Amino acid sequence: MPRDEGMPGSDAAEQTPDYVYAVRRSSRARRVTLRYTALEGLVIIIPQAFDISRVPDIVSRKREWIARVADQFRNRAEHYACEPELPEVVMLRAAGRKVSIEYAPSQRPFSIRDNGDSLLVSGRYESAKVQKFLREWLKRQASAYLVPLMRELAAEQGVTLSAVRVRLQRSRWGSCSVGNAINLNARLMLLPEPMARYVCLHELAHCKHHNHSKDFWLHLDSLMPDARRVDAALAGAWQFVPGWAYA
């Protein structure tokens, strides 16, 4: 599944003569992984017991890949740097909705009122708190829209799903387990409807072909004739996702 470049947390900052990067230990990591994101730059994910002194050598050996990816992400970083910390509108493109946000600072406790097509942020608020609320709010919007859509598409194809879940995955737009449990990224709500629908159909196709074989693509083409065009367009989907949508 094409990936959504997120913003993972980190617990150490390191530097080589050429690159500044963050190092994060992960209890789930079984090997060293290099990840580059528009918001955080280069992140090195290492297993808990890995010798951190080996990281600079790994980075040095991967310098050509890093340079190539950094160049690809440079315009993304510039894009996010120009964004305001607090948005005035959220475009839920997948559902064809526009939600405006009004701010009313005061000395009262922080609160957010959801009026359907508008949000009112009031009281003593901080950017981090508002952004955290917006991410949770986005998950609720996605659950209300994407889960019924996914089940409707599955019913049309006679596919039984064991579960449909909405999360804020760091890198994947969606995934499908061998037991037909589908996970969807809440940020799909921010993408144009054809892209969001494509991801749903992509994961639905995995219920029949748990791979990316020729048969998988033929089946997906039967579900969505322009699937390959939309798949290629997903490479630019980051431009629809604001910085606050990443933890």
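Just so you know, these numbers come straight off a predicted model, no measurement behind them.
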Minimum heavy-atom distance Leu42-Val20, with the two atoms named:
CB-O, 4.2 Å

In chain order, what residues pass the side-chain hydrogen bond (donor to acceptor under 3.5 Å, both in side chains) check against Trp217, with sequence neighbours excluded?
none

With sequence neighbours excluded, tell me which residues meet salt bridge (charged side-chain N to carboxylate O under 4.0 Å, His left out) with Glu193.
Arg197

List for me each residue that meets side-chain hydrogen bond (donor to acceptor under 3.5 Å, both in side chains) alongside Arg93, sequence neighbours excluded, and say none if there are none.
none

Can you find a pair of side-chain heavy atoms, one from Leu34 and one from Tyr21, that are under 4.5 Å apart?
no

Atom pairs and distances, donor-acceptor, side-chain atoms in residues 149-165, under 3.5 Å, two or more places apart:
residue, atom, partner, partner atom, Å
Ser162, OG, Gly179, O, 2.8
Ser162, OG, Asn180, O, 3.3
Ser162, OG, Ala181, N, 3.3

By side-chain contact (heavy atoms from CB on, under 4.5 Å) - contacts of Lys132 (at least two apart)
Arg135

Just grab all the ring pair (Phe, Tyr, Trp, His ring centres under 6.0 Å) pairs involving residues 144-169, residues at least two apart or on different chains.
none

So, do Ile46 and Asp51 sit near enough that their side-chain heavy atoms are less than 4.5 Å apart?
no

Any side-chain heavy atom of Val43 within less than 4.5 Å of one from Tyr36?
no

Got Ser100 and Glu88 here, is their nearest side-chain heavy-atom distance under 4.5 Å?
no

Just to verify, what does Ser26 make a side-chain hydrogen bond (donor to acceptor under 3.5 Å, both in side chains) with, not counting sequence neighbours?
none

Flag this pair as yes if the NZ/CZ of Arg140 is under 6.0 angstrom from the six-membered ring centre of Phe133 and inside a 45 degree cone about the axis; otherwise no.
yes

Applying ring pair (Phe, Tyr, Trp, His ring centres under 6.0 Å) to Phe240 and not counting sequence neighbours gives none

Any donor-acceptor pair under 3.5 Å linking the side-chain atoms of Ser111 with those of Ser122?
yes

Taking all atoms of both residues into account, what is the closest heavy-atom pair of His210 and Cys176, and its distance?
CE1-SG, 4.0 Å

Linking directly or through intermediates, with side-chain heavy atoms under 4.5 Å: list the remaining ILVMFWY members grouped with Met91, chain and number order.
Val89

In terms of side-chain heavy atoms, does Ser213 have a donor or acceptor partner in Asp215 at a distance below 3.5 Å?
no

Is Leu138 close to Leu92 at the side-chain level, that is, under 4.5 Å between some pair of heavy atoms?
yes

Please output the side-chain donor-acceptor pairs of residues 218-228 that fall under 3.5 Å, not counting sequence neighbours, one pair per line with the distance.
residue, atom, partner, partner atom, Å
Asp221, OD2, Arg228, NE, 3.3
Ser222, OG, His219, O, 2.4
Asp226, OD2, Arg229, NH2, 2.7

Please report the shortest heavy-atom distance between Leu191 and Ala237, naming the atom on each side.
CD2-O, 3.7 Å

When you look at CD of Gln239, are more than 12 heavy atoms from neighbouring residues, nucleotides or ligands closer to it than 6.0 Å?
yes

Would you say that Ser175 contacts Leu184 through its side chain, given a criterion of any heavy-atom pair below 4.5 Å between the two side chains?
no

Taking the side chain as everything from C-beta on, heavy atoms only, tell me whether Met195 gets closer than 4.5 Å to Leu188.
no

Carboxylate-amine/guanidinium contact Asp117 Arg97, below 4.0 Å:
yes

Within 6.0 Å of CD in Gln48, more than 12 heavy atoms from elsewhere:
yes

Tell me, please, which residues at least two apart from Ser106 pass side-chain hydrogen bond (donor to acceptor under 3.5 Å, both in side chains).
none

Sorted by chain and residue number, the ring pair (Phe, Tyr, Trp, His ring centres under 6.0 Å) partners of Phe216 (sequence neighbours excluded) come out as His202, His206, His212

Compare all side-chain heavy atoms of Val241 with those of Tyr246 and state whether any distance is below 4.5 angstrom.
yes

